[in-house]
Amino acid sequence: MTIELPFIVAVDGPAGSGKSSVSKAAARRLGFAYLDTGAAYRALAWHALASGLDLSADAPEDVSASIVELLPSFAYEIGTDPDEVRVRVGDEEVTDAIREPVVSAAVSRVARVPEVRARLTELFRSIMLATERPGIIVEGRDITTVVAPDAPVRILLTASEEARIARRTAELGDAAAGAGASLKRRDRADGKVVDFMNAAAGVTTVDSTELDFGETVDAVVGVIDDGRAQTTRSTS
Ligand SMILES: Nc1ncnc2c1ncn2[C@@H]1O[C@H](COP(=O)(O)OP(=O)(O)O)[C@@H](O)[C@H]1O
Ligand SMILES: Nc1ccn([C@@H]2O[C@H](COP(=O)(O)OP(=O)(O)O)[C@@H](O)[C@H]2O)c(=O)n1
């Protein structure tokens, strides 16, 4: 019996570059699964805050050890159907709660802990390989470099900081105050842990600054189609 492995597409990029919305739309079009890895870091930050940890910028350095202690009780679940992405921690549905500004402000503190990254990387790999669809688009910050460096298609989705802030602000509507400053702060903090601004060797950059949403999805699906055609040629 041969086991068919899913076709893996890795997508990285800074906050607001369109990773989740574009990856989801591309996955729908291709009949692929979709994995939002940022949701796991957000859910762990939510769990840490719910457990009473101080994750503010001036939190004591030993909060890292307290975060690591939470890992065994972190009962995380996420769907990979692009039409139905639900996130749970234990019995709690946290799909919306993990997008709250309080979680966005705390998440980089959790994401910089090496034990957290190692544990979540393992989890992402097991979710990725378990999909029953022919492929999966996995998006985050270190997917092209750490989680799936051997993926046959790896994309860095970028856009100018100005475009990213304008999009995030439009998306948040009345709740947009401070969104620009918060996005810049988070990119600066996350950028100390992984480089998601420069494409690693073999990674294709899609810059969406001058593209509308549909054009960006077309560009990403185009890169995936080329990668699938090449893989078919090299295995036949
Ligand atoms: N090329 C684009 N043109 C206009 N808006 C876009 C484009 N790509 C994404 N968006 C919008 O920008 C916002 C941020 O995108 P999102 O997918 O949440 O980014 P990320 O997951 O990288 O943080 C969303 O409202 C999305 O619909
Ligand atoms: N592969 C990943 C994905 C997210 N993250 C962390 O998780 C946070 C939330 O990721 P996200 O993808 O939901 O962020 P946005 O969609 O808001 O840009 C990031 O700010 C990083 O701190 C990470 O460290 N590595």
Side-chain angles (χ1 to χ4, degrees), residues 10-27 34-46 48 55 67 76 78 82 85 87 94-114 116-125 127-128 137-149 154-173 175-176 179-180 182-197 206-220:
V11 178
D12 286 328
S17 61
K19 298 180 301 298
S20 51
S21 53
V22 171
S23 301
K24 231 186 261 179
Y34 159 72
L35 178 61
D36 171 358
T37 62
Y41 288 95
R42 286 174 174 276
L44 182 58
W46 177 89
L55 299 179
I67 297 168
Y76 178 72
I78 188 165
V85 179
V87 183
V94 297
T95 314
D96 296 329
I98 62 170
R99 306 283 155 201
E100 294 287 333
V102 62
V103 174
S104 300
V107 65
S108 303
R109 186 65 193 82
V110 164
R112 80 178 200 207
V113 181
V116 165
R117 302 201 71 80
R119 173 72 197 92
L120 293 187
T121 294
E122 259 175 45
L123 177 73
F124 301 146
R125 288 182 182 147
I127 295 175
M128 226 157 78
I137 305 184
V138 187
E139 55 93 357
R141 300 288 188 288
D142 62 345
I143 313 305
T144 60
T145 51
V146 177
V147 176
R154 293 179 298 147
I155 297 171
L156 185 72
L157 185 58
T158 61
S160 70
E161 188 175 82
E162 210 181 4
R164 295 186 288 108
I165 290 175
R167 289 172 191 169
R168 199 30 67 85
T169 303
E171 179 184 46
L172 293 173
S182 147
L183 180 143
K184 284 189 201 177
R185 223 178 3 251
R186 191 148 56 86
D187 275 350
R188 212 177 313 118
D190 291 338
K192 291 182 187 156
V193 180
V194 246
D195 181 4
F196 48 80
M197 298 303 280
V206 174
D207 183 341
S208 74
T209 310
E210 304 292 335
L211 305 179
D212 68 19
F213 183 76
E215 290 168 336
T216 311
V217 177
D218 288 345
V220 165

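The structure presented is a predicted model; accordingly, all values stated were derived computationally and were not measured. Counting starts at 1 for both ligands and their atoms, following the listed order.
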Judged on heavy-atom distance to [atom], which of [options] sits nearest?
atom                    : options                        : result
atom 4 (C) of ligand 1  : Arg164, Arg99, Arg167          : Arg167
atom 16 (P) of ligand 1 : Ser20, Ala159, Ala219, Gly38   : Ser20
atom 16 (O) of ligand 2 : Arg168, Glu139, Arg109, Arg186 : Arg168

Looking at [Y], is its backbone amide N or carbonyl O close enough to the side chain of [X] to form a donor-acceptor pair, meaning the two atoms are under 3.5 Å apart?
X      : Y      : value
Thr209 : Ser160 : yes
Arg154 : Thr144 : yes
Arg117 : Arg112 : no
Ser208 : Leu211 : no
Asp12  : Leu156 : no
Glu215 : Asp212 : yes
Arg164 : Ala15  : yes
Ser17  : Ala159 : no
Tyr76  : Leu44  : no

Decide yes or no on side chain to side chain contact (heavy atoms under 4.5 Å, CB included) for Asp142 and Phe196, but give the supporting numbers first. CA-CA 7 Å; Asp142 62 345; Phe196 48 80; over 6 Å; no
Students should be able to answer this: which protein heavy-atom is nearest to [atom], and at what distance?
atom                    : answer
atom 26 (C) of ligand 1 : Ser21 OG, 3.4 Å
atom 9 (C) of ligand 2  : Arg42 NE, 3.6 Å
atom 2 (C) of ligand 2  : Arg141 N, 3.4 Å
atom 4 (C) of ligand 2  : Gly38 CA, 3.4 Å
atom 19 (O) of ligand 1 : Gly18 N, 3.1 Å
atom 24 (O) of ligand 2 : Arg117 NH1, 2.8 Å
atom 1 (N) of ligand 1  : Thr216 OG1, 2.7 Å
atom 19 (C) of ligand 2 : Asp190 OD2, 3.2 Å

So if I count the atoms of ligand 2 from 1 in the order they appear, which ones are less than 4.0 Å from some heavy atom of [X]?
X      : answer
Ala111 : 6 (C), 22 (O), 24 (O)
Lys19  : 18 (O)
Val107 : 7 (O), 8 (C), 20 (O)
Thr37  : 1 (N), 2 (C), 3 (C)
Arg99  : 13 (O)
Gly16  : 18 (O)
Gly140 : 1 (N), 3 (C)

Which atoms of ligand 1 sit under 4.0 Å from any heavy atom of Phe213? 1 (N), 2 (C), 3 (N), 7 (C), 8 (N), 9 (C)
Atoms of ligand 1 less than 4.0 Å from Asp212 heavy atoms? 1 (N), 2 (C), 3 (N)
Proximity to ligand 1 by part of [X], non-hydrogen separation under 4.0 Å:
X      : result
Pro14  : backbone
Glu171 : side chain
Arg168 : side chain
Leu211 : backbone

Would you check, one step at a time, whether the test side chain to side chain contact (heavy atoms under 4.5 Å, CB included) holds for Thr37 with Val138? CA-CA 7 Å; Thr37 62; Val138 187; 3.7 Å; yes
Measuring only between side-chain heavy atoms, which start at C-beta, is [X] closer than 4.5 Å to [Y]?
X      : Y      : answer
Lys184 : Ile165 : yes
Leu157 : Thr216 : yes
Arg141 : Val193 : no

Pair Arg125 + Glu122, salt bridge at N-O below 4.0 Å: no
Test: Asp187 and Arg168 ion pair at under 4.0 Å: no
Kindly confirm or rule out an N or O of Ala15 lying under 3.5 angstrom from an N or O of ligand 1. no
Would you check the N or O atoms of Tyr41, main chain and side chain alike, for any that come under 3.5 Å of an N or O of ligand 2? no
Could you tell me whether some N/O pair between Asp142 and ligand 2 is separated by less than 3.5 angstrom? yes
Touching ligand 1 at all, Gly16? Heavy atoms, strictly under 4.0 Å? yes
